[in-house]
**Q** 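First the structure, then my questions, so here it is.
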Number of protein chains: 4
Amino acid sequence: MAEQVDRRQALVNAAFSAIAERGFEGFRLRPIAAAAGIDHSTLHHYFPTKADLIAAVLQHVTSQFEATMHVALEPAARLRRHLGEIAAAVVERPELFIVLDEFDLRARRDASMAATIKRDEQGWRDALVAIFEEGVEQRIWSVDLDVNASVELVIATLKGSRLRPETAEAVAKQLCDLFSTGARA
Amino acid sequence: MAEQVDRRQALVNAAFSAIAERGFEGFRLRPIAAAAGIDHSTLHHYFPTKADLIAAVLQHVTSQFEATMHVALEPAARLRRHLGEIAAAVVERPELFIVLDEFDLRARRDASMAATIKRDEQGWRDALVAIFEEGVEQRIWSVDLDVNASVELVIATLKGSRLRPETAEAVAKQLCDLFSTGARA
Amino acid sequence: MAEQVDRRQALVNAAFSAIAERGFEGFRLRPIAAAAGIDHSTLHHYFPTKADLIAAVLQHVTSQFEATMHVALEPAARLRRHLGEIAAAVVERPELFIVLDEFDLRARRDASMAATIKRDEQGWRDALVAIFEEGVEQRIWSVDLDVNASVELVIATLKGSRLRPETAEAVAKQLCDLFSTGARA
Amino acid sequence: MAEQVDRRQALVNAAFSAIAERGFEGFRLRPIAAAAGIDHSTLHHYFPTKADLIAAVLQHVTSQFEATMHVALEPAARLRRHLGEIAAAVVERPELFIVLDEFDLRARRDASMAATIKRDEQGWRDALVAIFEEGVEQRIWSVDLDVNASVELVIATLKGSRLRPETAEAVAKQLCDLFSTGARA
DNA sequence: AATGAATGAGTATTCATTCAT
DNA sequence: CATGAATGAATACTCATTCAT
């Protein structure tokens, strides 16, 4: 029983690494099976089709993004903490975000993949909305602040940082500073 | 003579559309040739290898991004104008940005592609640096403004908006507002 | 288990016949697979590349030339017997020698093939050297006999007979007669 | 007019070199045309089909083997001279003999090629027959000498030497010595 | 559960040849 | 004469999937 779970997980891990390194374009089942130490036809016992394995990888990836929101903190600090943590994650585990990018791009042509991603992002989006709404309520930010646009800005910025991990932290900090103090002389 | 150019261009256009619609993963030469109305072996007369065609598509894509900087404007207005124009382009021609995303992702595994993209982006990066440096000089923005981080923030944000065209304009405006006035109450 | 060996052998046999009949120039994999009664892609299950199949054919061919030297015989008789046996083989199985010729020619441009052939020929060459050295020692042949040149002469003659099987036996006999009566001590 | 002849010859020369270096297996028309400095479709103006060009190469090769028999010499000396000259040619222009080998092998599957080669060889064969018949007549060699077998032996030996130019001269000398001392009347 | 043999549709690429110019 | 565009049949090789064992 445990074997099964392990094998499945080994396959998902191998698939994840393969996608991170070579993208979907060069994603082939045989090397995945080989990396997991099993015959390539045995792989089909665990994942009947290639799409099934890919779906499992997506699950695996999204499951790593349990919202790390620190609700106890006041909004500005919470935003800073959140942006910092994600930027740090981009630096520490760039493959995770590379793979996410692959999935984001693929979701454009795969409805079920798009749905999974959207569901997963909703939690994130809601948490960000909460930050900004609380911040406005507490007069940290102006009542004129466009909450939705701010949320999308944060999301877009973080997504856009994924391909350049080396700039992720500076970018996150800069965005945070703009929200905190603005840029005027 | 004109025929040649047309055929080549027709192939590049067909390839561009195919990548926009199906990504690199499903990018096959036969349908491209068919879409251009020629035999698939004739395609190789124009582009000896698949990579050659892809390179031509990349050229075609990057050539559409002639810097649209309005140097006459003062820095803040220039930034606003620039962000607005790109956001508008994302809305009007989302495929262009989708394909750019495909190339960005592919560049991670293809050095020559990475070089082409980097060269192309350098002009953009330089123009943004100029905006912020002039802005700081003219005391529009604080001398403490991290110019490089700001540039990367703008780039990351715009790249991150590519996958969600519907939010691109609001996001660009929000970023611009933060630079102009900040968000404080 | 037996199936596997049979299929592999069937492919090698079919490949051998194809090379004998049409040479390397017209050597294509599909007809080989068809002759062995399998799909052309299944062929790649047994021989990943064309070169692998060709290498197997070479092995198969060289393995048929286990030295048929009769060490018990005295040198002159041994030479006569050897020449006679090879000439007879050229007559009985001309395809074997045709294919050998194809490989000899190909070896000029394929180092690993050249190595295999050379290794295989070394045994033959050594056995011939032994015949002539013993013959000189026993004063059957003159001490002035150039052993190496004699060995190369035998080899060249036999190789040169491959393309004209109908003359092979007369040629072998004639060469033998010359050695019998013309090189005496 | 002279241009035409030159172009044709340039193509034949280029084709000859290509066959010498890569054999028939890798013999392609485009590189031949390129080597001759013309477009690949212009080649078809001079040689409508690939086979036509190959036939011209064969003509070119066989034309280089004008019998170099020195009829004035007495038979044994004539044989020695002839063998020496061919062996020297093998050493000096190995490509010529390599290409001949390619043609010999190909002639097995191409009747018209076989005919051309046979016709060309007939002159050689006749000259060798004359040597041995005169030699027997003049009691240089025994009346028991098998003239035809001797001729075929000479031919086989020389053909067999083609693939090993480095041994050609020693082999020719050895064969000659055997005839000198071993077939005496 | 696991294997390896088998499949067939598909992949880029090649090449002799033809044809309009 | 010469060109380059165009063809189509062929070529080795790939890969997800299936099936008998």
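This is a predicted model, so every value here is computed, not measured. Here is the naming used below: chain letters follow the sequence lines, and residue numbers restart at 1 for every chain.
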**Q** Take the protein atom CD of B:E25 and the nucleotide atom P of F:dT14, then report the distance between them rounded to whole Å.
**A** 19 Å

**Q** If only side-chain N and O atoms of B:R28 are considered, is one of them under 4.0 Å from the OP1 or OP2 phosphate oxygen of E:dT11?
**A** yes

**Q** Expressed in angstrom and rounded to an integer, what is the separation of A:F27 atom CZ from F:dA16 atom C1'?
**A** 12 Å

**Q** Rounded to the nearest Å, what distance is computed from the CD1 atom of residue A:I32 to the C1' atom of nucleotide F:dA16?
**A** 13 Å

**Q** Starting at the 5' end of DNA chain F and moving along, which residue's nearest nucleotide shows up first, D:L43 or A:A51?
**A** D:L43

**Q** Taking the nucleotide of DNA chain F with the nearest heavy atom to each, does A:H44 or C:F47 sit closer to the 5' end?
**A** C:F47

**Q** Taking the six-membered ring for Trp, are the ring centroids of D:F103 and D:F97 within less than 6.0 Å of each other?
**A** no

**Q** Specify the separation, in whole Å, of atom CD1 of D:I54 and atom P of E:dA16.
**A** 9 Å

**Q** For F:dA2 and D:H45 - does any side-chain N or O of the residue sit under 4.0 Å from the phosphate oxygens OP1/OP2?
**A** no

**Q** Using a strict threshold of under 4.0 Å (side-chain N to carboxylate O), is an ion pair present between A:R106 and B:E25?
**A** yes

**Q** Can you work out whether C:I38 or B:T49 has the more 5'-proximal nearest nucleotide on DNA chain E?
**A** C:I38

**Q** Between F:dG4 and B:Y46, is there an OP1 or OP2 to side-chain N/O distance shorter than 4.0 Å?
**A** no

**Q** Please state whether the phosphate of F:dC13, meaning OP1 or OP2, lies under 4.0 angstrom from any side-chain nitrogen or oxygen of C:R30.
**A** no

**Q** Look at A:T42 and E:dT3 and indicate whether a side-chain polar atom (N or O) is within less than 4.0 Å of OP1 or OP2.
**A** yes

**Q** Return the value, rounded to whole Å, for the distance between atom CG of B:D39 and atom C1' of E:dT17.
**A** 14 Å

**Q** Report, as yes or no, whether the 6.0 Å neighbourhood of atom CZ on D:R164 holds more than 12 heavy atoms from other residues, nucleotides or ligands.
**A** yes

**Q** Return the value, rounded to whole Å, for the distance between atom CZ of B:R8 and atom C1' of F:dG4.
**A** 14 Å

**Q** Taking atom C1' of F:dT3 as reference, at what distance in whole Å does atom CZ of D:R7 sit?
**A** 12 Å

**Q** Which nucleotide in the list E:dA16, F:dT3, E:dT13 gets nearest to the side chain of B:L29?
**A** E:dT13

**Q** Is the closest basic N to carboxylate O distance between B:K159 and B:D101 below 4.0 Å?
**A** no

**Q** Hey, does the side-chain of A:H40 have a donor or acceptor N/O within less than 3.5 Å of a partner on the base of F:dC15?
**A** no

**Q** Specify the separation, in whole Å, of atom NZ of B:K50 and atom P of F:dT14.
**A** 15 Å

**Q** Is there a Watson-Crick or G-U wobble partner for E:dG10 with both distances under 3.5 Å, and if so, which one is it?
**A** F:dC13

**Q** List the atom of B:V57, the atom of B:A15, and the distance in Å for their closest heavy-atom pair.
**A** CG2-CB, 3.5 Å

**Q** Tell me which nucleotide, if any, is Watson-Crick or G-U wobble paired with E:dT21 when both distances must be under 3.5 Å.
**A** F:dA2

